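The figures here come from the full heavy-atom set of this structure, side chains too, leaving out hydrogens, waters and symmetry mates. Counting starts at 1 for both ligands and their atoms, following the listed order. In this text the structure is predicted, and so the values were computed from the model without any measurement.
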Amino acid sequence: MKIDILLGLQWGDEGKGKIVDALSPDYDVVARFQGGPNAGHTIEFNNMKYVLHLIPSGIFHEGKTNVIGNGVVLDPVVFKKEVESLNLGLDKIRERLRISYKTHLILPTHRILDAAHESSLGASKIGSTLRGIGPAYTDKTSRNGMRVGDILKENFREIYDTHVREHLRMLKSYDFAFNLSDYEAEWFDGIEYLKQFTIINSEYLIDSSLREGKHILAEGAQGTMLDIDFGTYPFVTSSNTVAAGACTGLGIAPSRTGEVFGIFKAYCTRVGSGPFPTELNDDNGQLMRDRGNEYGSTTGRPRRCGWLDLPALKYAIMINGVTRLFMMKADVLSGFREIKVCTSYSANGREITEIPYHLDEIEKVNYKTLPGWNCEISECKKFGELPPELESYISFIENETGVPVTIVSVGPDRSATIYR
Ligand code: GDP
Ligand code: IMO
Ligand code: MG
């Protein structure tokens, strides 16, 4: 058996949560491999809507094991609130969830450091979700982090105090007002809560599940263009969101990976700062935002919207070795008279189809225009029921990328999913 990987190909919020939930019946184990509560994965079914930040999106299915992997950074306050918000009951979630000893903890001071750093950047701020992600991963790579396994140590409080002292020393260099005590009290409460869950060396669970012939799905967070190495640096997150991140974030050997499912919206969105070549600051952009309800699942911020960017999509497919494409939110484009797709950029007077190192060199975005469709598609159940214009849009993307589009999503609900 091999592990399939599902990840975002754009700037996040492609609809990963919805699809992981929809595919979960086919898997025994669903495992998050990176990111933390900066993620917001929305799942809708039976007229209910849930937003997951840390818990894998297979949690609503009975008999499935969900794993928070070593590559994730976990905030116990967010974790407790999330468990309590799911209407599943503590016992069911405890039964279905496993957490790696090696998952790093987000400390209250990581959140403060994140906010202090962002505010010091002024106009050049990253647009972080302010969940403490950057500082937590910084401590991980500088070998100063605290991990979930540490909460079971007798001298946990002592280790915590040492870390906080160091963070407070760093905070002195910022002119930033903060209150640590309120969040700290909630945090310790969250740590006690966390102790009720099964904490394991999850790499062994992954290995034994594979040996037993079980199916595993690795769930990514964020998107390829937010990857710490390959995204639009420095306007990125602090982890490897790409397929390789699943190997380090769960302890999977590359030879044991199988399909790579790449999720993309039929257009593009981005929340936070940074380059976005196809961004539309016009009525079309506003229409996408309104129709697609493009407001952040974690922070509520309006998402920037624009046409599909093929050079960026092809880049993401290349880096991840995508084997199947899933097109999301096709319904949002219904009613547009024309659909535009960026096929190349112009930079330094030349037409280019690669993502340049200096994205600010892009002077112009070149589009191909395709006909739109003027009918609602949210009720379509089969590929053949989709309007021919959408079918040609999909064929165009398949021809350009060389990868088949095997799922088309036509609404937020679990059921609004067309399998090909
Ligand atoms: P994720 O972070 O990749 O899991 O995506 P988010 O949940 O942050 O954002 C995707 C948003 O689009 C959520 O509000 C979903 O409910 C919604 N959504 C997902 N798929 C579709 C779709 O096909 N059509 C529409 N209209 N909404 C969708
Ligand atoms: P999901 O998993 C969209 C963005 C932030 C900011 C940058 C850095 O729901 O797709 P961070 O808090 O990580 O330091 O922020 O990354 N960002 C996301 N954008 N979806 C996400 O996750 C994101 N997680 C982080 O807006 O621009
Ligand atoms: Mg999201």
Side-chain angles (χ1 to χ4, degrees), residues 6-22 32-45 48-54 56-57 72-73 75 106 110-111 113-115 117-118 125-138 219-228 231-239 241 263-276 288 290-304 326-334 376-378 380 407-418:
L6 182 143
L7 40 77
L9 299 180
Q10 296 162 323
W11 284 276
D13 301 329
E14 296 90 351
K16 298 175 290 292
K18 174 193 154 153
I19 291 296
V20 171
D21 167 71
R32 266 282 298 272
F33 59 87
Q34 47 69 233
N38 48 350
H41 294 180
T42 315
I43 297 172
E44 292 193 34
F45 58 94
M48 293 294 287
K49 175 173 168 172
Y50 303 93
V51 182
L52 299 170
H53 303 287
L54 286 161
S57 302
V72 173
V73 286
D75 182 333
I106 300 177
H110 284 142
R111 287 172 65 106
L113 280 164
D114 204 358
H117 185 62
E118 274 287 80
K125 69 174 187 202
I126 306 292
S128 153
T129 60
L130 304 180
R131 297 298 187 271
I133 306 297
Y137 277 115
T138 302
E219 172 181 1
Q222 291 80 53
T224 303
M225 301 312 283
L226 290 171
D227 180 87
I228 183 77
T232 50
Y233 193 90
F235 300 99
V236 292
T237 191
S238 302
S239 62
T241 62
I263 303 220
F264 71 105
K265 280 179 192 171
Y267 49 100
C268 280
T269 64
R270 168 161 210 172
V271 57
S273 332
F276 181 1
M288 286 174 189
D290 292 342
R291 290 192 49 110
N293 190 22
E294 295 296 358
Y295 296 89
S297 317
T298 297
T299 57
R301 290 178 292 177
R303 295 181 184 139
R304 300 154 66 192
F326 300 165
M327 180 195 268
M328 308 301 291
K329 303 190 92 157
D331 55 303
V332 174
L333 292 187
S334 297
E376 280 302 325
I377 58 168
S378 325
C380 293
I407 287 181
V408 182
S409 176
V410 293
D413 195 87
R414 190 190 263 173
S415 61
T417 313
I418 298 175

### Query
Is there a side-chain contact between L9 and L7, using heavy atoms and a 4.5 Å cut-off?
yes
### Region of V236 that comes within reach of ligand 2 [heavy atoms, distance under 4.0 Å]
backbone
### Message
Can you name the atoms of ligand 2, numbered from 1 with element, that are less than 4.0 Å from a heavy atom of A39?
### Response
1 (P), 2 (O), 9 (O), 22 (O)
### Query
Among S57, A416, A266, S409, which residue places a heavy atom closest to atom 23 (O) of ligand 1?
S409
### Atoms of ligand 1, numbered as shown, that sit under 4.0 Å from any heavy atom of H41
1 (P), 2 (O), 4 (O), 7 (O)
### Task
Return a yes/no value for G17: is any of its N or O atoms, backbone included, closer than 3.5 angstrom to an N or O of ligand 1?
yes
### Which segment of K16 sits under 4.0 Å of ligand 2 when only heavy atoms are counted
side chain
### Query
For F45, what residues pass the ring pair (Phe, Tyr, Trp, His ring centres under 6.0 Å) criterion, not counting sequence neighbours?
Y50, F60
### Message
With a heavy-atom distance limit of 4.0 Å, tell me whether R131 approaches ligand 2 through its side chain, its backbone, both, or neither.
### Response
neither
## Note on the structure
re atom 19 (C) of ligand 1, the protein heavy-atom contact at minimum distance is K18 CD, 4.0 Å
### Task
Could you check atom 27 (O) of ligand 2 against the protein and tell me its nearest heavy-atom contact, residue, atom and distance included?
V271 O, 3.2 Å
### Message
With respect to G411, determine whether any N or O atom, backbone or side chain, lies less than 3.5 Å from an N or O atom of ligand 1.
### Response
yes
### Task
Can you figure out which of M327, K49, E44, K16 has its heavy atom closest to atom 3 (O) of ligand 1?
K16
### side chain to side chain contact (heavy atoms under 4.5 Å, CB included) assessment of V236 paired with D227
CA-CA 6 Å; V236 292; D227 180 87; over 6 Å; no
### Task
Output the list of atoms in ligand 1 that are nearer than 4.0 Å to some heavy atom of V332, sorted by atom number.
26 (N)
### Query
Would one find an N or O of G40, backbone or side chain, under 3.5 Å from an N or O of ligand 1?
yes
### Task
Give the contacting part of I263 toward ligand 1: side chain, backbone, both or neither, where contact means a heavy-atom distance below 4.0 Å.
neither
#### Entry: Check: V72 and F33 side chains under 4.5 Å, non-hydrogen atoms
no
### Message
Is there a polar contact between ligand 2 and G40, counting only N or O atoms under 3.5 Å apart?
### Response
yes
### Message
If the cut-off is 4.0 Å to any non-hydrogen atom of G272, which atoms of ligand 2 fall inside it?
### Response
27 (O)
### Query
Going by an N to O cut-off under 4.0 Å, is there a salt bridge joining R303 and D13?
yes
### Message
Let's go through Y267 and L333 carefully: what are the C-alpha distance in whole Å and the side-chain angles of both, what is the deciding distance for side chain to side chain contact (heavy atoms under 4.5 Å, CB included) to 0.1 Å, and is it a yes or a no?
### Response
CA-CA 8 Å; Y267 49 100; L333 292 187; 3.9 Å; yes
### Task
Working to the nearest 0.5 Å, report the span between CD of Q10 and CD1 of I263.
10.0 Å
### Query
Between the side chains of S409 and K18, is a donor N or O closer than 3.5 angstrom to an acceptor N or O?
yes
### Message
Once salt bridge (Lys or Arg N to Asp or Glu O under 4.0 Å) is applied, do any residues pair with D114, and if so which ones, sequence neighbours excluded?
### Response
none
### Summary
The residue among Q34, K16, H41 that forms side-chain hydrogen bond (donor to acceptor under 3.5 Å, both in side chains) with E219 is H41
### Message
Is there a side chain to side chain contact (heavy atoms under 4.5 Å, CB included) between T232 and F276? Walk through the geometry before answering.
### Response
CA-CA 9 Å; T232 50; F276 181 1; over 6 Å; no
### Task
Please check if any side-chain donor atom of T241 sits under 3.5 Å from a side-chain acceptor atom of Q222, or the reverse.
no
### Query
For atom 12 (O) of ligand 2, which protein heavy atom lies nearest, and how many Å away is it?
T129 OG1, 2.6 Å
### Query
Hey, does S57 have a side-chain heavy atom less than 4.5 Å from the side chain of I43?
yes
### Query
Out of L226, N38, T232, whose heavy atom is nearest to atom 4 (C) of ligand 2?
L226
### Task
From the options K329, R303, Q10, select the one whose nearest heavy atom is closest to atom 9 (O) of ligand 1.
R303
### Side-chain ion pair, R111 and E118, N-O less than 4.0 Å
no
### Query
Identify the closest protein heavy atom to atom 13 (O) of ligand 2: which residue and atom is it, and at what distance?
T237 OG1, 2.6 Å
### Task
Return yes when atom OH of Y295 has more than 12 non-hydrogen atoms of other residues, nucleotides or ligands closer than 6.0 Å, and no otherwise.
yes
### Message
Quick test of your reading of the structure: of G127, G8, G223, G17, whose heavy atom lies closest to atom 5 (C) of ligand 2?
### Response
G127
## Note on the structure
heavy-atom search around atom 10 (C) of ligand 1 in the protein gives D13 O, 3.6 Å
### Message
Considering non-hydrogen atoms of the protein only, which is the closest contact for atom 15 (O) of ligand 2, and what is the distance?
### Response
S128 CA, 3.4 Å
### Task
Just let me know how F235 lines up against ligand 2, side chain, backbone, both or neither, with a heavy-atom cut-off below 4.0 Å.
neither
### Query
Is the closest heavy atom of D331 to ligand 1 under 4.0 Å?
yes
### Message
I want to check something: taking the side chain as every heavy atom from C-beta on, are P412 and K329 in contact at a cut-off of under 4.5 Å?
### Response
no
### Ligand-side contact atoms (ligand 2) for residue partner A221, heavy atom cut-off under 4.0 Å
2 (O)
### Query
Got F264 and M327 here, is their nearest side-chain heavy-atom distance under 4.5 Å?
yes
### Summary
Nearest non-hydrogen protein atom to atom 22 (O) of ligand 2, with distance, is Q222 NE2, 3.4 Å
### Numbered atoms and elements of ligand 2 in range of W11, under 4.0 angstrom, heavy atoms
3 (C), 19 (N)
### Message
Would S273 count as a polar contact of ligand 2, with the cut-off being nitrogen or oxygen pairs under 3.5 Å?
### Response
no
### Task
Check whether any N or O atom of T42, backbone or side chain, sits under 3.5 Å from an N or O atom of ligand 1, and answer yes or no.
yes
### Message
Whether E294 and R301 form a salt bridge (side-chain N of Lys/Arg under 4.0 Å from carboxylate O of Asp/Glu) is what I want to check.
### Response
no
### Query
Heavy atoms, side chains only, cut-off 4.5 Å: are I228 and Y233 in contact?
yes
### Query
Are any of the N or O atoms of G15 closer than 3.5 Å to those of ligand 1?
yes
### Atoms of ligand 2, numbered as shown, that sit under 4.0 Å from any heavy atom of R301
5 (C), 26 (O)
### Task
Search all heavy atoms of S378 against all heavy atoms of D331 and return the closest pair with its distance.
OG-CB, 4.2 Å
## Note on the structure
Within a distance under 2.8 Å of the Mg ion (ligand 3), the protein atoms of type N, O or S are D13 OD1, G40 O
### Query
At a 4.0 Å threshold, what atoms of ligand 1 neighbour a non-hydrogen atom of M328?
20 (N)
### Task
Please examine the side chains of I106 and P37, heavy atoms only from C-beta on, and report whether any two atoms are closer than 4.5 Å.
yes
### Summary
atom 20 (N) of ligand 2 sits nearest the protein heavy atom D13 OD1, 3.1 Å
### Pair I126-H117, side chain to side chain contact (heavy atoms under 4.5 Å, CB included): steps then yes or no
CA-CA 10 Å; I126 306 292; H117 185 62; 5.9 Å; no
### Task
Kindly write out the residues that satisfy ring pair (Phe, Tyr, Trp, His ring centres under 6.0 Å) with F326, not counting sequence neighbours, or none if the list is empty.
F261
